[in-house]
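Lettering of chains follows the sequences in order, A, B, ..., and the numbering in each one begins at 1. The structure displayed is predicted, hence computed values, not measured ones.
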Amino acid sequence: MPSAFNPALETVAVIDFETTGVSPAAGARATEIAAVLVHDGQVVGHYASLMQSGAWVPPFIEQLTGISNAILARAPPAARVMREVAAFVGERPLVAHNAAFDRSFWRAELQRAGRDAPHRFACTMLLARRLYPESANHRLGTLAALHRLPAAGRAHRALADAETTANLLLQMQRDVMLRFALTSAPHALLAKLQRAPRRDLAGCVANYAALAGEVTA
DNA sequence: TGCCAGGCCCTCTTTAGGGCCTT
């Protein structure tokens with residue numbers, strides 16, 4: 001039975017950081033990263049690791065994530081972890097929930113590790129605001145509950161949140177296909193939709209479909 | 001020891017302000 005997704009759909013990497021704060025520009029550092037590879041409608045691989053940057057973990061963050069200074073003392077160096085995860089994702093497009101946040105740490109930590117960060121990002125939060133305006137809010141946990149996504153483990157840990165985001169991405173692919181009668185919902189289309197005027201998603205899909213006729217039903 | 005930001009979007013807007021979302 002043929003897959004409902006385009007076999008040519010590129011693999012994307014869904015990432016999630018745990019950090020000591022909200023801004024690398026203000027001195028916050030990453031404490032954990034996870035990357036989940038998604039291809040043809042399913043998760044096909046993952047990477048996850050704590051990382052030791054030497055940064056101090058505030059009590060609020062320890063309570064939120066369960067990641068303590070004592071745990072990080074035994075973690076591998078941040079630069080080594082970032083080089084490993086960069087090799088794992090390669091040049092694939094990246095996806096994150098509130099991607100502006102993860103993009104800032106991705107760039108900052110890779111720069112510290114001596115690696116370029118040219119990756120394209122897509123944001124499940126921006127897309128969810130357009131696809132699910134009826135949701136009470138667009139936090140990852142709320143959207144996971146709304147769609148009854150599979151439980152992925154403790155929230156606010158990198159791998160669990162990356163897996164939840166990956167499942168949300170797959171849910172949105174299915175919903176876009178259903179809503180707009182498409183046979184596939186490639187990453188490039190979702191990336192366009194996340195920037196589309198909220199009241200003209202159908203117009204954005206039509207324009208995209210006209211340029212890439214293979215996605216239409 | 002323990003603070004901190006920024007991109008995006010909406011509207012009471014656009015020469016701005018404030019809320020959301022991430023840790």
Side-chain angles (χ1 to χ4, degrees), chain A residues 13-36 48-73 75 78 81-82 85 93-112 117 119-147 149 152-169 171-172 190-201 203-204:
Chain A
V14 180
I15 70 165
D16 186 78
F17 275 104
E18 303 306 317
T19 71
T20 64
V22 290
S23 172
R29 295 294 306 272
T31 58
E32 186 178 42
I33 187 170
V36 173
S49 180
L50 294 162
M51 65 179 89
Q52 167 62 269
S53 70
W56 179 79
V57 180
F60 166 72
I61 297 295
E62 180 176 342
Q63 186 173 21
L64 179 71
T65 67
I67 299 171
S68 66
N69 290 292
I71 290 172
L72 291 184
V81 171
M82 290 306 301
V85 71
L94 302 185
V95 176
H97 197 71
N98 193 16
F101 172 85
D102 292 279
R103 183 178 57 210
S104 67
F105 281 93
W106 180 257
R107 290 175 175 169
E109 294 293 348
L110 277 181
Q111 184 176 36
R112 287 176 177 272
H119 305 78
R120 292 171 291 153
F121 271 82
C123 179
T124 49
M125 184 189 73
L126 293 181
L127 195 52
R129 282 177 175 172
R130 285 161 173 77
L131 293 178
Y132 313 122
E134 73 281 6
S135 183
N137 59 61
H138 297 89
R139 297 172 193 158
L140 182 60
T142 301
L143 293 164
L146 175 68
H147 296 291
L149 300 179
R154 174 181 173 148
H156 297 299
R157 286 302 298 262
L159 183 57
D161 283 0
E163 288 181 341
T164 298
T165 303
N167 283 318
L168 176 60
L169 175 69
Q171 179 71 45
M172 290 193 293
L190 299 184
K192 284 191 176 296
L193 278 179
Q194 72 169 4
R195 304 283 182 189
R198 292 190 184 192
R199 293 176 180 81
D200 191 27
L201 295 186
C204 178

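- In the 5' to 3' direction, nucleotides of DNA chain B lying under 4.0 Å from heavy atoms of chain A begin and end at B:dG2 to B:dT23.
- Take A:F17 and apply the ring-ring contact (aromatic ring centres under 6.0 Å, His included) test, not counting sequence neighbours, and it matches no residue.
- Across the P atoms, B:dT13 and B:dG18 are found 13 Å apart, a figure rounded to whole Å.
- With a 4.5 Å cut-off on side-chain heavy atoms, A:L193 and A:L126 do not count as touching.
- Remark: the backbone N or O of A:V57 is paired with a side-chain donor or acceptor of A:N69 at under 3.5 angstrom.
- Across all strands shown, A:T31 has no heavy atoms under 4.0 Å from either base or sugar-phosphate atoms.
- The shortest non-hydrogen separation linking A:D161 to A:A155 is OD1-CA, 3.6 Å.
- Separation of atoms CD1 (A:I33) and CE (A:M82) is listed at 4.5 Å; rounding is to 0.5 Å.
- Rounded to whole Å, the separation between the C1' atoms of B:dG6 and B:dT23 comes to 13 Å.
- When all heavy atoms of A:V14 and A:A162 are compared, the closest pair comes out as CG1-O, 3.5 Å.
- Counting any heavy atom pair closer than 4.0 Å across all strands shown, A:R157 reaches no nucleic acid atom.
- Nucleic acid contact class of A:D102 (heavy atoms, under 4.0 Å, all strands): none.
- Annotation: proximity of residues 52-62 of chain A to DNA chain B (heavy atom, distance under 4.0 Å) is found for A:W56, A:P58, A:F60, A:I61, numbered in ascending order.
- Remark: the separation of the C1' atoms in B:dT14 and B:dC21 is 24 Å, to the nearest Å.
- In this structure, A:Q194 and A:H156 both approach DNA chain B, and ranking their closest nucleotides by distance from the 5' end singles out A:Q194.
- For B:dC20 and B:dG2, the C1' atoms lie 25 Å apart once the distance is rounded to whole Å.
- Counting non-hydrogen atoms under 4.0 angstrom, A:R130 reaches the backbone sugars and phosphates but no base.
- At least one donor-acceptor pair under 3.5 Å links the side chain of A:H97 to the backbone N or O of A:H138.
- Comparing the C1' positions of B:dC12 and B:dG17 gives an interatomic distance of 10 Å, to the nearest angstrom.
- When all heavy atoms of A:L201 and A:R130 are compared, the closest pair comes out as CD1-O, 3.6 Å.
- Heavy-atom distances to DNA chain B give each of A:A25 and A:N137 a nearest nucleotide, and the one nearer the 5′ end belongs to A:A25.
- Smallest separation of non-hydrogen atoms from A:T165 and A:A96: CG2-C, 4.3 Å.
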